[in-house]
Every structure is written in structure tokens, then in C-alpha cells.
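Letters go in sequence order (proteins before strands), and every chain restarts at 1.
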Amino acid sequence: MLSRTPILTDQRKLIKACIAGDRISQAALYDLYARKMLGTCMWYAKNKEEAEEILQDGFLRVFRYLPGFNFKSSLENWMRKIMINAALHKYRSKARLNIVQRFDWTQEYFGVDGTVLNHLEARDLLKIVQKLSPGYRMVFNLYVFEGLKHREIAKILGIAEGTSKSNLSDARLILQKLLANHNGRLKLKIDR
Amino acid sequence: MIKNFKNIDSIFKSSYESFEEEPSEHLWTKINAGLDKQDMARYKKGIIAWKRVTLFLIFVMTIYVLYDSLLRNPDSGRTVSGKQQSPNGPANPMNAMPMGFVGLPSNGSPNYFNSTKKGKLIAAVLYIPAESVQIGAIDSMPIRMPDFLGLVLYPKALNPDKGLLENGPAGKDNLIKPNLFNPYWSVSALASYDHVMYRLDDDLPGDSKENIENRENHKASFSFGISADWYFKKSWALQTGLVYSHVLVGIGPQKIYASAESSGDVSYRYITSSGYAFIKPGLVNSSVGDSLSTATANHHLVFISLPLKIKHQFGIRRFSLLPSAGFAANFLAKATISTVVTEQSRVESVTITKLNATRQAYLSLDASLGLQYRLTRRTTLSMEPSFKYAITSMTHNNVVNNYPYSIGIGIGAQMSF
């Protein structure tokens, strides 16, 4: 005899089942959020393989810390924070954040056409961000995406507040350069 | 150059918020393996914690027993009444005498025969007729030191109906009477952690026992129940009761194949050590020979057991050792399997609630070695390692015959009537 269990739509029930260690519910939670969370991890990693490592660690943390979820915030945001923490942990463990040298850089004029910028797809922008060094990428992401202050970023990454500011500044300039290069290629495509 | 950084930031941010990426197919398998490791680590931590608690309890009990036996009173806490001797108590009433028994109640007033509490023996002594030798002793001795009187008169004093009041002065015949054993019942509640395993024998073709053994692993199982002991002799009892057992078996991923049922329907056959089931996922229109993959599954088995055992009791002070052996009829109350069936990228969760080729009951040998500590005359605490071994298979016409066995450690409490 077979009875099919309906996909759990009630988030609270799903979370409780996950806390109880029900592997099927855990798989269901993974199915629900894996795409979104991997999307987040991609911005903190240099490629998809690395992002999947972060996602794997992140989901293990999610299931470990789920009993502490208080239902006050949305589960998605809570999971997103855990993924970011997993990403930070990964980079901290590999000591990739010790950025002591500033970006060597000649001031030049990078013309980035705002109209063309709007044609860029999210994946193009992601690839550009992934080209940043890990430290710059972390500071840029935490400041721009997560809205953290330099004081908070400095504390999280274990760097000086000034370093955080300069890293952000450098990251933005690099992004502009990369955007300009991308812009040229894209303009050609549009003109054709 | 774009001077307005916020413009760039907002474009990146909107992309960040909307961006999604499809994970690789094998990623959940890795997470699943990670979760298994986490579970195992948590399980080991739990075992260590229980070991610590057990050691602590043993330590505390040892200290208490030593204190109670050596420093306080050899027989303190032993309560007696006029009705019946303790089931675990001595046969000879002299053994129940309060050797260190001194003093009046805290309020200083004597209390008469209606009490079983300590410190109230003096009142009993006061009922001794005047010609009794001990009366003079009471008059001449400080009232705080009537030990030898208590030693002599205690059994009679506690049984005023048939004691000294009727039979006159205390004499040897009155003071020491043999205690005739009355059969009695005791009821126990026991909870046990069980480590369940099985012995498989090949039965029918379809899958090998090695494959089944490789993909199945028993997880933490437990049982709890009540038992009734009938002490037909002082140290011998028959035990029966009802025991609820929950067994959890993890089943690894496997490929299941479509075959025709006896009704003619084509279904996928899911094989386990305790039986098989036909499942019909809605993912595909199946024909004989098609295959599907299943993810890891949790297989729950619930049994209600009816044991019948004989038990012997060895007692040393408050401790008793109770080896027991017998049989148990184990009735299958529930068998479920929860798993996920995958077909390419589609997933469907299925719950199997009925297994074929599973017997409704099987017989097992039951043996245990209980260690009891008597808290009061009627209540005892016990710790009981146990062993069960199936002597009949729990399956019939399955690909394997399944003989489960288990080693358990239980704790419980017993009350005598």
C-alpha cells in the first residue's frame, strides 16, 4: 500500500520536521532554497565549485542551528545570513583576507555608459564581481549587498576600518574598469 | 567614469538579490552525507553524556549506600508494619530489628502502635505488662537509650493485635516468630535503550543478503513497558508484561525495478530485510523492467512484546541481583518506510505503510540481569542489561529470513504489593 505525503508547504511544520532530523523534510527545505542560496554564495565565491562548497557548509550549518530559529525574521533571510557566514568562514580559514597592499592602479578615465550598464545581465555582473580578489569582494559585498558599516565590516573581517574603506574604494574602481572593458565588448555586440 | 557610485551599487545589488543558480545534482548527496556525520557525532555525544550520568548516579548511590550502611544505621530507613514482612526483607523478624533505634519523636510525646516511623518504639515498650523484666530497665535507664529494649520488643510492639498484649510477657516464643512467606505481586516500569541487529538468511532470489546488509544500518532504538512479577516463592518470580519497542533502520539509496503484482498492476518493488512493498510513484508510467532511484530511507518498526520469564532473586542488603530468562511473543504493530523517489530531476516522497512477507509475530528468547536497589520497603530502582534473540524469523517468503536480536540497557522502578 502506498500513500504519498504531500509536499510540506507549511513552513513551520517543515522547520519542525527538519529540527526533528527528518531527512525527507531536510531534503524538501534544500529543494526550496538551494537555488536562491547558491545564488547568494556565487557572489562570495570565485566560481561555482567554490560556491557549492560554501552552500554545502551553509546548509549543514542551517540544519545545525535551525532549533535556534525564532520565526521572527524570514527563513530566507536567516538562511542567507548563514550562507554569508559560511562564506566568511571559508575565506578566514584560508587566510585570504590579509590584504596589505593596495590595488596598484593608474588613474585613467573609465567610461561606463549607464545605458549599456542596464543591458548587463546579473550573470555578467556576477562574473565581474568574481574577478575581484577575495578581500575586495568581501568588503564590497558586505558594504553594498548587506548594508554593513565599515566599522562592522572591519570587525567581521578582522581588519582596520581604514583598510575596509580603502578596499571598498579600490573594489569600486576595479569594477568600473572591468565594466568598461565589458562595456566595450557589449557595445560592439549591440551595434552589430 | 561614473561618479555616482550609488548607481553602480544599486545595479549590482538588484542583480545580487534576484540572482539564482541551479546547484549540481550531487550536492544534496554530499549534504546528506554531512548530516549523517553530524547525526553520528551527536549520537556519540549523547552516549558519552549518558555514560557520565550513569557513572555519576552509580557514584552517588555508592556513597549513599556506604554512608547508610557504615556511618548512619545498618538498618535505617527500613520501615516495618504490622501487616506483612517486606518482600525483600528478612525472613526472621529479628533481622528487622532497629539496632540503632533511639529516642522519642521530635515533639517528645510517645506515639503508639499506629506508626511505622522511626523513633516511636518507646511507646510500644510502655505497653509491656508490669511483670516484664524490661519494664524495670525502662524505669532505670535514660529514656534516650532504650536500644536493647527496642531490639527485644520491636516485633511485638509493631504487631499489637497478636503480640505482647494478647500473649502476656515477652518470652522467647513470643519474641521470635518465623515469618511465613505470602506470595505477592510487584509491578515495574522500565525504559531501555536497545542496540538492535539482525541475522539474515537467504530465502528467495531477488536480492542478496549482502546487498541488504550493506545498505541497511540500525539506528538508535528504544523500548519501554510495564511488567508484573508474581513472587510465588521468596526468591522466585514469574514475570510477564507489555513492552513497546521502536526500531529504526536506515536504508541507503537503491535502484528499484518495476514488476507485475499478482493483481496485474505494474509497480516498483522496494525490498528490505523485514519485507517488501510495491510502490507506484506518479512520476512515470512504468512498464515491467523500468527502474527508479530511491534516496536514503527511514524504516520504522514498532513491536508490542509479551514476555514470560522466570526470575530469581539474590539479595545483599539493599541490593538484589535478578537474573531472568524466558520467551517473548513479539507482535508487529507498525512498519513504515519513508523515502524519496527520483526520476531525473523530478522528486517524489513516498511513505510505505504496509510490508509484504512480514510475519505478524515472531518468538524470541529473552534474558536479562537486573540489579535492584531497594529504596523503601515497597519501591526499588533497577538497572537491567538485557538480551533478546529471535528464534523464529520475522519474515516469510521474503528475499531473506530476518532474525533480529538486540542488546539493551534499561532503567526502571518497581513497586511491590
Side-chain angles (χ1 to χ4, degrees), chain A residues 1-8 21-28 30-31 34-43 48-49 51-52 55-57 59-60 63-64 108-114 117-118 120-126 128-129 140-141 143-145 147 169 172-173 175-176 179-180, chain B residues 1-2 4-24 26-39 41-42 219 250 267-268 270 277-282 295-298 336 338-342 347-356:
Chain A
M1 182 181 285
L2 169 74
S3 70
R4 294 193 189 101
T5 52
I7 299 296
L8 292 168
D22 179 46
R23 200 52 61 80
I24 292 168
S25 302
Q26 289 171 338
Y30 170 82
D31 289 339
R35 283 177 56 86
K36 285 179 183 173
M37 294 305 126
L38 185 59
T40 299
C41 295
M42 290 286 282
W43 294 87
K48 189 176 176 182
E49 286 72 32
E52 287 192 336
L55 184 75
Q56 184 184 338
D57 182 33
F59 262 104
L60 290 175
F63 293 127
R64 197 187 312 152
E108 45 181 304
Y109 183 82
F110 298 114
V112 181
D113 186 342
L117 196 61
N118 290 334
L120 288 174
E121 290 180 1
R123 190 168 293 278
D124 299 318
L125 293 171
L126 169 69
I128 289 167
V129 168
F140 179 80
N141 288 354
Y143 187 89
V144 175
F145 300 158
S169 170
R172 277 173 169 157
L173 289 171
L175 286 175
Q176 283 181 28
L179 277 170
Chain B
M1 183 173 184
I2 293 180
N4 187 358
F5 283 131
K6 283 186 181 174
N7 186 31
I8 293 184
D9 289 356
S10 63
I11 290 169
F12 275 105
K13 192 172 182 182
S14 62
S15 300
Y16 167 74
E17 284 167 351
S18 62
F19 186 72
E20 291 184 6
E21 180 76 17
E22 188 68 40
S24 306
H26 63 274
L27 195 60
W28 171 248
T29 314
K30 285 184 180 176
I31 294 171
N32 200 19
L35 288 170
D36 284 341
K37 276 186 187 174
Q38 277 185 3
D39 287 348
R42 199 178 299 127
K219 297 183 177 177
S267 308
Y268 290 85
Y270 191 90
F278 286 106
I279 57 178
K280 280 182 186 173
T296 54
N298 282 331
T336 60
S338 308
T339 188
V340 173
V341 176
T342 55
V347 175
E348 182 177 324
S349 62
V350 294
T351 302
I352 298 163
T353 55
K354 187 181 177 186
L355 288 176
N356 298 301

Name the option with the most non-hydrogen atom pairs under 4.5 Å to chain B; the candidates are A:Ala34, A:Ala27, A:Gly21.
A:Ala27
Option in A:Gln26, A:Glu52, A:Met37 with maximal non-hydrogen atom pairs under 4.5 Å from chain B:
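Ranked by contacts with chain B, first place is A:Glu52.
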Side chains of A:Arg172 and B:Asp9: does their closest heavy-atom pair fall under 4.5 Å?
yes
So do B:Phe19 and A:Leu125 actually touch side chain to side chain, heavy atoms under 4.5 Å?
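No, every pair of side-chain atoms sits at 4.5 Å or beyond.
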Write down the atom of [X], the atom of [Y], and the distance for their closest heavy-atom approach.
X       : Y        : value
A:Leu55 : B:Pro23  : CD2-CB, 4.4 Å
A:Leu60 : B:Gly34  : CD2-C, 3.6 Å
B:Glu20 : A:Arg123 : O-NH2, 4.4 Å

Please classify the contact of [X] with chain A as side chain, backbone, both or neither, using a heavy-atom distance under 4.5 Å.
X       : value
B:Gln38 : side chain
B:Asp39 : side chain
B:Ser24 : both

What's the separation between atom [atom1] in [X] and atom [atom2] in [Y], rounded to the nearest 0.5 Å?
X       : Y       : atom1 : atom2 : answer
A:Trp43 : B:Glu17 : CH2   : CD    : 10.5 Å
A:Thr40 : B:Tyr16 : OG1   : OH    : 4.5 Å
A:Phe59 : B:Leu27 : CZ    : CG    : 8.5 Å
A:Lys48 : B:Glu22 : NZ    : CD    : 7.5 Å

Among B:Leu355, B:Leu35, B:Val340, which residue forms the greatest number of heavy-atom pairs with chain A at distances under 4.5 Å?
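Option with the greatest count: B:Leu35.
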Angle class for the A:Tyr30/B:Trp28 ring planes (parallel below 30°, perpendicular above 60°, tilted otherwise)?
tilted
Can a donor-acceptor pair be found between the side chains of B:Asn298 and A:Arg23 at a distance below 3.5 Å?
no
In this structure, are over 12 heavy atoms from other groups packed under 6.0 Å from B:Lys30 atom NZ?
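Open: at most 12 neighbouring heavy atoms sit under 6.0 Å from NZ of B:Lys30.
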